[in-house]
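None of these values were measured; they are calculated from a predicted model. Positions are given from 1 along the sequence.
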Amino acid sequence: ILFRGRPAGSFDALNRARAKGGRRVFLKHALAEWRIWKGPRDFFAGYRSRLIHLFIYFHEGAKAHAAAGRYGAALRGTLDAAYIFPARATLRFVFPSALRKSLKAIVRPGGAKSQKSNSQAPNSQAPKQSGQT
């Protein structure tokens, strides 16, 4: 075996720890050296550049877990994304987005599937043949 990879989803705990540590370290140094920032916009740009990849990781993971029917893992990924960027996650819950779809799948598992099967049910009946008794 040339390369050995970790199973999908096993990075969640590691990235959760990275998000917590990255946030703590950034705030520790950014607030202590507040003079390096020209204003609040630069401060938030620095925070975003440090943690955006983890938000994307949990956002995409929540979508994948919801699509696979793993609703507990999807909820955890959604909450982790909201921990990193609460305002960004809130906007994605309010307006139509993939994160909102995964949250709907968590709240109503199988809701979209049952609507599709109900809409296909009347069309799936075989036509009646006349002349047979």
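- Using a 4.5 Å heavy-atom cutoff, the side chains of Arg16 and Arg76 are in contact.
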- Message: If you apply the rule side chain to side chain contact (heavy atoms under 4.5 Å, CB included), what do you find for Arg88 with Arg48, and how did you get there?
- Response: CA-CA 11 Å; Arg88 185 177 299 239; Arg48 180 190 177 278; 3.6 Å; yes
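- Between Leu54 and Arg18, the closest side-chain pair of non-hydrogen atoms falls below 4.5 Å.
- Across all non-hydrogen atoms, the minimal contact from Arg100 to Arg92 is CB-O, 3.4 Å.
- Between Asp80 and Tyr57, the side chains place no donor N or O within less than 3.5 Å of an acceptor N or O (distance only, hydrogens not considered).
- Residues Leu79 and Phe58 have side chains not in contact (no heavy-atom distance under 4.5 Å, counting atoms from C-beta outward).
- Nearest heavy-atom pair, Ala89 versus Ala82, reported as atom, atom and distance to 0.1 Å: CB-CA, 3.6 Å.
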- Give the intermediate values and the outcome of side chain to side chain contact (heavy atoms under 4.5 Å, CB included) for residues Phe85 and Ile52. CA-CA 8 Å; Phe85 287 113; Ile52 190 66; 3.9 Å; yes
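- A single hydrophobic cluster is not seen to contain both Trp34 and Val25; linkage of ILVMFWY side chains at heavy-atom distances under 4.5 Å, directly or through other members, places them apart.
- A distance of 6.5 Å separates CD of Glu33 from CD1 of Ile36, quoted to the nearest 0.5 Å.
- Considering only heavy atoms from C-beta on, Thr78 comes within 4.5 Å of Phe93 through its side chain.
- Of all heavy-atom pairs between Ala66 and Ala74, the closest is N-CB, 3.7 Å.
- Ring pair Phe26/Trp37 is tilted by interplanar angle, where 30° to 60° counts as tilted.
- Nearest heavy atoms, Tyr47 versus Ile84: OH-O, 2.9 Å.
- Side-chain rings of Phe55 and Tyr83 stay apart, their centers remaining 6.0 Å or farther from each other.
- When side chains are defined from C-beta on, Arg50 does not count as touching Leu27, because their heavy atoms never get closer than 4.5 Å.
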